[in-house]
Amino acid sequence: MEIKYKISDRAKEFLAEHLPEALEAETCFAALKMLYELIDDKGFEAPKYDKLNEFGIEADEIYDEIYELNSMEE
């Protein structure tokens with residue numbers, strides 16, 4: 001499988017475990033959209049859902065990492 005956007009080993013491992021379809025995305029922005037939806041679905045603490053939980057914090061870090069790797073001009 002060839003990933004079509006820049007990604008770190010850490011992000012690749014996270015996505016392989018939690019969101020493998022993002023590794024097959026055509027663009028980083030498609031993968032980021034999937035990751036955003038995952039964070040929205042599983043990344044917040046109950047009962048108020050206004051604060052990221054441990055999973056959400058890690059997923060948010062991965063999101064930022066992918067965004068930064070793919071938004072830099074070369």
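Listed for the Asn70 side chain is a donor-acceptor partner under 3.5 Å among the backbone atoms of Lys6.
To the nearest 0.5 Å, atom CD of residue Glu65 and atom CG of residue Leu35 are 11.0 Å apart. To the nearest 0.5 angstrom, Phe14 atom CZ is 11.5 Å from Ser8 atom OG. For the atom pair OG (Ser71) and CD1 (Ile66), the distance works out to 11.5 Å, reported to the nearest 0.5 Å. To the nearest 0.5 Å, the span separating CG on Asp9 from NZ on Lys12 amounts to 7.0 Å. Note that the CD1 atom of Ile62 and the CD1 atom of Ile57 stand 13.0 Å from one another [nearest 0.5 Å]. In this structure, the separation between CG on Leu15 and CG on Leu38 is 9.0 Å, given to the nearest 0.5 Å.
Shown here are the side chain to side chain contact (heavy atoms under 4.5 Å, CB included) partners of Phe44, two or more places apart in sequence or in another chain: Ile39, Asp40, Tyr49, Leu52.
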Would you list the atom pairs, donor with acceptor, under 3.5 Å between side chains in residues 16-27 and any protein atom, with sequence neighbours excluded?
residue : atom : partner : partner atom : Å
Glu26   : OE1  : Lys4    : NZ           : 3.2
Glu26   : OE2  : Lys4    : NZ           : 2.9
Thr27   : OG1  : Phe29   : N            : 3.4
Thr27   : OG1  : Ala30   : N            : 3.0

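Residue pairs meeting the salt bridge (charged side-chain N to carboxylate O under 4.0 Å, His left out) criterion with at least one partner in residues 45-62, sequence neighbours excluded, are Arg10-Glu61.
Of all the heavy atoms in Ala31 and Tyr5, the pair that sits closest is CB-OH, 3.3 Å.
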